[in-house]
Amino acid sequence: MLRKNRASRSPTPVIAAFAFVALGCGGVPDESARLGDTPGLVAGAGGTAPSPGGAGGSSAVNPLGRARCQSPSGVSGSPKTTQQALDLLNALPKPTGVACFLESLDRPLTVYASSSAFSAQPALSPQSPRLFLKQGDLWLSVVIDGDSSFLIEFGEEIPAEQPRSVKGELELPIAQPVAPSAPYDRVRYGQGTVCGLCHYDERAEDGRSAVNAFSSIAFRPRADTRVAIDSLKSAAATCDWQTEPHRCEMLAAVFDGGAVEEVPFPETMSTFF
């Protein structure tokens with residue numbers, strides 16, 4: 001499985017050619033971002049749980065001892081661009097993990113779930129799938145469990161006869177605000193990005209506010225990888241917080257804050273194969 005540490009190495013074209021698919025382009029985070037090594041987390045009897053006083057909002061405390069995150073006053077919980085999503089991330093209490101970000105999004109959430117493992121941000125299983133959240137022209141993708149659950153991928157759609165998207169990625173948790181170019185810097189590779197190895201026709205988006213932004217063809221998941229939203233709602237309601245604390249936290253982040261609705265991908269988007 002491909003690991004990305006952009007400070008020290010870049011993926012080889014052969015490996016990456018089979019890895020970077022769907023709207024964004026992802027990878028497996030460094031070992032330091034695994035749950036047991038995450039800042040603000042402490043080991044507990046039921047697994048590894050967020051320490052009290054970590055990132056959180058003012059709502060009820062979950063079974064792991066962390067209050068549910070909420071979008072701060074004056075910051076939109078419905079980001080429609082990558083920059084707006086960064087504004088929300090930067091405004092949330094630190095350290096900020098993926099679950100906290102998901103909790104802070106306004107409801108209803110519009111989501112498509114896929115079990116596809118053919119990605120550098122692969123689903124762990126149909127029970128812990130990859131979720132695509134649609135916010136206007138912005139598609140955010142996260143994974144419910146496993147190594148890739150510490151990543152957020154951004155795909156800002158550019159409507160066209162063959163849709164394109166401006167792609168980026170962040171590894172969480174973050175302990176301090178990130179720069180506007182951070183999601184694009186992380187996926188840089190050569191004169192473009194790692195995403196362009198599979199999402200062809202890559203081009204620089206000079207009109208973007210951040211440097212290093214590139215767009216390329218957007219893909220949608222294959223229909224046979226679809227995971228029903230109702231099955232995930234049931235999984236969230238019955239999840240065992242003692243044995244699967246991280247997975248339960250991620251499911252609760254999506255489903256415990258209000259309505260979640262399934263959203264289809266545009267038919268004009270091709271599948272990768």
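Just so it is clear, the values below take in all heavy atoms, side chains as well, and ignore hydrogens, waters and symmetry mates.
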I217 and R164: which non-hydrogen atoms are nearest, and at how many Å? CD1-NH1, 3.9 Å
Heavy-atom check, side chain of L89 versus side chain of L172, under 4.5 Å: yes
Once salt bridge (charged side-chain N to carboxylate O under 4.0 Å, His left out) is applied, what residue pairs with a partner in residues 95-114 remain, sequence neighbours excluded? R66-E103
Does one side chain, of D145 or S149, offer a donor that lies under 3.5 Å from an acceptor on the other? no
Partner set under ring-ring contact (aromatic ring centres under 6.0 Å, His included) for F255, not counting sequence neighbours: none
Can you confirm whether or not the ring centre of F265 sits under 6.0 Å from the ring centre of F132? yes
How close do L88 and S104 get, heavy atom to heavy atom, and via which atoms? CD2-OG, 3.4 Å
Same hydrophobic cluster for L251 and F101, using side-chain heavy-atom links shorter than 4.5 Å among ILVMFWY? yes
Between S215 and E202, is the side chain to side chain donor-acceptor pair (under 3.5 Å) condition met? List the steps. CA-CA 6 Å; S215 71; E202 187 170 65; over 6 Å; no
Test side chain to side chain donor-acceptor pair (under 3.5 Å) on T225 and S114; report intermediate values, then the result. CA-CA 5 Å; T225 70; S114 169; 2.8 Å; yes
Is it true that Q121 and S141 share a donor-acceptor pair across their side chains at a distance under 3.5 Å? yes
Between atom CG of L138 and atom CD of Q83, what is the distance when rounded to the nearest 0.5 Å? 11.5 Å
Would you say F214 ends up clustered with W139 if hydrophobic residues are merged whenever their side chains have heavy atoms under 4.5 Å apart, either directly or through other cluster members? no
Test: disulfide bond (SG atoms under 2.5 Å apart). Region: residues 227-269. Which pairs qualify, not counting sequence neighbours? C239-C248
